[in-house]
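Counting starts at 1 for both ligands and their atoms, in listed order.
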Amino acid sequence: MDLSLRLLLFGPPSAGNGTQAQLLKEQLSVLHISSGDLFRHHLEQGTPLGKQAAIYMNQGLLVPDELTIDIFLEKILGIPSHQGFLLDGFPRTIDQASALEGALDNGSGQLDKVVFINVPEDELIRRLGSRFTCRDCQTPHTVLEDQPAIRCNKCGGELYQRDDDRPESIRQRLLVYRSETLPLLDFYGRRKMLLDIPGTGSTQCVNRRVLAALSLDNLSSN
Ligand code: AMP
């Protein structure tokens with residue numbers, strides 16, 4: 001179903017943002033722009049941007065705005081106005097959000113809604129270090145410590161733990177999230193764009209909540 005919705009999805013690391021974004025992308029037929037995936041792609045290709053970004057990513061830090069804002073604005077402004085999109089991971093700082101707002105003001109209109117996946121910190125800590133990603137299709141999986149190695153349940157690909165998903169790096173990402181990204185709640189709250197979605201429970205359950213908040217319950221597949 002093409003609703004041409006323009007959405008931003010964000011939440012703390014390990015909140016399941018990537019998984020929810022994958023579901024929504026298919027349900028809403030929108031273009032999915034994942035900043036983390038784009039940086040990882042540059043990293044794998046060994047581009048100059050990838051090499052610079054890796055220094056920050058591997059430490060659980062944000063890539064500086066100077067390296068981030070222009071590439072994502074260019075990508076977003078290049079999307080035809082009739083095409084909906086789902087931003088996943090950008091903007092992640094107030095400066096990025098202001099830059100996006102300014103760019104969309106001159107372009108084809110602001111975001112429709114901002115979906116915040118709200119997971120309490122103790123739950124995030126429980127999930128610490130248990131996320132593994134498929135090398136082939138990038139689907140995230142939860143693999144608990146005593147669980148034998150498994151393969152991707154979507155494509156059978158090998159699972160690996162991203163450097164920035166190791167426990168020491170996740171702790172750092174949480175600190176950065178609190179100081180840099182959490183202020184977006186207030187930024188979008190004041191603009192009445194925010195949908196605060198409880199992110200605990202099963203993937204399907206969170207997905208149903210997101211669709212209901214968007215008044216799109218009919219798209220729920222279960
Ligand atoms: P993610 O897969 O969204 O968790 O992103 C992985 C890493 O990419 C983050 O920990 C950051 O180092 C970097 N990154 C992704 N999006 C941004 C952004 N909007 N601003 C700065 N750094 C970012």
Side-chain angles (χ1 to χ4, degrees), residues 7-25 31-77 85-104 111 114-117 119 124-125 127-142 159-185 187-188 199:
L7 301 176
L8 161 65
L9 184 127
F10 86 101
S14 296
N17 307 320
T19 313
Q20 292 303 324
Q22 286 297 336
L23 286 171
L24 282 178
K25 164 191 149 178
L31 207 66
H32 174 210
I33 299 187
S34 157
S35 53
D37 283 354
L38 188 84
F39 279 130
R40 278 185 290 281
H41 176 75
H42 276 274
L43 208 144
E44 277 162 27
Q45 301 296 311
T47 67
L49 173 64
K51 285 182 186 150
Q52 278 181 295
I55 300 169
Y56 302 94
M57 292 170 77
N58 292 340
Q59 296 180 70
L61 298 172
L62 291 186
V63 179
D65 285 343
E66 307 84 80
L67 295 176
T68 304
I69 291 179
D70 288 350
I71 56 162
F72 287 106
L73 289 190
E74 195 186 314
K75 238 180 154 31
I76 295 162
L77 293 179
F85 59 74
L86 173 63
L87 305 181
D88 167 14
F90 176 92
R92 214 151 161 150
T93 65
I94 291 289
D95 282 350
Q96 292 177 10
S98 302
L100 175 66
E101 188 174 59
L104 291 179
L111 298 173
V114 174
V115 177
F116 172 59
I117 307 290
V119 177
L124 292 173
I125 287 163
R127 297 180 189 180
L128 267 181
S130 62
R131 184 166 72 166
F132 285 68
T133 304
C134 174
R135 268 194 208 288
D136 297 332
C137 71
Q138 312 302 322
T139 302
H141 294 69
T142 302
L159 301 186
Y160 76 108
Q161 192 165 39
R162 284 168 23 189
D163 283 344
D164 59 350
D165 277 339
R166 296 183 197 284
E168 55 289 1
S169 166
I170 295 207
R171 270 186 212 102
Q172 177 63 31
R173 288 168 73 199
L174 272 174
L175 285 177
V176 171
Y177 165 78
R178 268 189 237 121
S179 64
E180 304 283 339
T181 307
L182 208 50
L184 293 185
L185 271 186
F187 183 94
Y188 288 115

Legend entry - Test of ring centre spacing under 6.0 Å for Y160 and F132: no

Inset, instruction - Examine distances only and state if a side-chain atom of R92 and a backbone atom of G89 form a donor-acceptor pair shorter than 3.5 Å. - result: yes

Legend entry - Short side-chain to backbone donor-acceptor contact, Q22 and G18, under 3.5 Å: no

Legend entry - Taking every non-hydrogen atom, the tightest pair across L100 and P91: CD2-CD, 3.8 Å

Ligand 1 N/O to protein N/O, distances under 3.5 Å:
unit_1, atom_1, unit_2, atom_2, d
ligand 1, 2 (O), R40, NH1, 3.0
ligand 1, 2 (O), R40, NH2, 3.1
ligand 1, 2 (O), R162, NH2, 3.2
ligand 1, 3 (O), R92, NH1, 2.9
ligand 1, 3 (O), R92, NH2, 3.3
ligand 1, 4 (O), R92, NH2, 3.2
ligand 1, 4 (O), R173, NH2, 2.8
ligand 1, 12 (O), L61, O, 2.6
ligand 1, 16 (N), S35, OG, 2.7
ligand 1, 16 (N), G89, O, 3.4
ligand 1, 16 (N), R92, NH1, 3.2
ligand 1, 19 (N), G89, O, 2.8
ligand 1, 19 (N), Q96, OE1, 3.0
ligand 1, 20 (N), Q96, NE2, 2.9
ligand 1, 22 (N), V63, N, 3.0

Inset, instruction - Only counting residues at least two apart or in another chain, list the ones meeting side chain to side chain donor-acceptor pair (under 3.5 Å) with T47. - result: H42

Legend entry - Aromatic ring proximity F72/F39, centre distance under 6.0 Å: yes

